[in-house]
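If you read the sequence from its start, that first residue is 1, and numbering goes on from there. Everything numeric in this text was worked out from a predicted model, so none of it was measured.
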Amino acid sequence: QLRLVESGGGLVQAGGSLRLSCAASGRTFSSYTMAWFRQAPGRERDFVGAVLWNSDHAYYADSVKGRFTISRDNAKNTVYLQMNSLKPEDTAVYYCAGDQYYSGSYYLTTEYDYWGQGTQVTVSS
């Protein structure tokens, strides 16, 4: 199975930046649609961003457009989430997800087959 491990979370002040990484083990990583979701305490897991297998298309939640950028390096089996202009409401556990057979619902948790363990991002005011 595809194994995903997130890193890069931590504590940052509002207005600051943070870069998350998701390292994947799997020979077919380049064919997977990859995404980031986040979940705050007492909240549902929400879509943040996704990038298709060929990196030609990326999608973002309205709440992060213009601030977050998702990218991937297939040679390194890694997907990134660059987060700028962070706000306290961005505080959450961030999860990396992979989908081998993309069916179009990039914004739904049910689209994805594989998940990482999550990394905590805390933004202070």
**Prompt:** Looking at residues at least two apart in the chain, or sitting in another chain, which of them share a side-chain hydrogen bond (donor to acceptor under 3.5 Å, both in side chains) with T69?
**Reply:** none

**Asked** With R19, which residues qualify under side-chain hydrogen bond (donor to acceptor under 3.5 Å, both in side chains), at least two apart?
**Response** none

[atom1]/[X] to [atom2]/[Y] distance, rounded to the nearest 0.5 angstrom?
X	Y	atom1	atom2	result
M83	L20	CE	CG	3.5 Å
Y32	N74	OH	CG	12.5 Å
S21	L81	OG	CG	9.5 Å
F47	L108	CZ	CG	9.5 Å
C22	R72	SG	CZ	10.0 Å

**Message:** For N84, is there any backbone N or O sitting under 3.5 Å from a side-chain donor or acceptor partner on S17?
**Reply:** no

**Request:** Determine, stepwise, if the pair F37 / D46 fulfils side-chain contact (heavy atoms from CB on, under 4.5 Å).
**Result:** CA-CA 5 Å; F37 288 75; D46 293 325; 5.8 Å; no

**Message:** Does R3 qualify as a cation-pi partner of W115, given the criterion of NZ or CZ under 6.0 Å from the six-membered ring centre and within 45 degrees of its axis?
**Reply:** no

**Asked** Any ring pair (Phe, Tyr, Trp, His ring centres under 6.0 Å) pairs touching residues 72-102, not counting sequence neighbours?
**Response** none

**Request:** Begin from the C-alpha positions of V51 and H57 and carry the test side-chain contact (heavy atoms from CB on, under 4.5 Å) through to its verdict.
**Result:** CA-CA 6 Å; V51 60; H57 302 284; over 6 Å; no

**Inter- and intrachain pairs under salt bridge (Lys or Arg N to Asp or Glu O under 4.0 Å), touching residues 76-102, at least two apart** = R38-D90, R67-D90

Heavy atoms only: give me the nearest [X]-[Y] pair and the separation to one decimal.
X	Y	value
V64	V48	CG2-O, 3.5 Å
G118	V93	CA-CG1, 3.8 Å
P88	S125	CG-CB, 3.9 Å
G8	L18	O-CG, 3.5 Å
A40	T91	CB-O, 3.8 Å
V79	C96	CG1-SG, 3.6 Å

**Request:** Could you list all the side chain to side chain donor-acceptor pair (under 3.5 Å) pairs where at least one residue sits in residues 104-113, not counting sequence neighbours?
**Result:** S103-E111

**Request:** Take atom CD of Q13 as the centre, draw a 6.0 Å sphere, and report whether it contains more than 12 heavy atoms from other residues, nucleotides or ligands.
**Result:** no

**Request:** Report yes or no: do D73 and T78 form a side-chain donor-acceptor pair below 3.5 Å?
**Result:** no

**Request:** Applying side-chain contact (heavy atoms from CB on, under 4.5 Å), run through W36 and F68 and close with a yes or a no.
**Result:** CA-CA 11 Å; W36 289 93; F68 291 11; over 6 Å; no

**Complete:** A23 meets the side-chain contact (heavy atoms from CB on, under 4.5 Å) criterion, sequence neighbours left out, with none

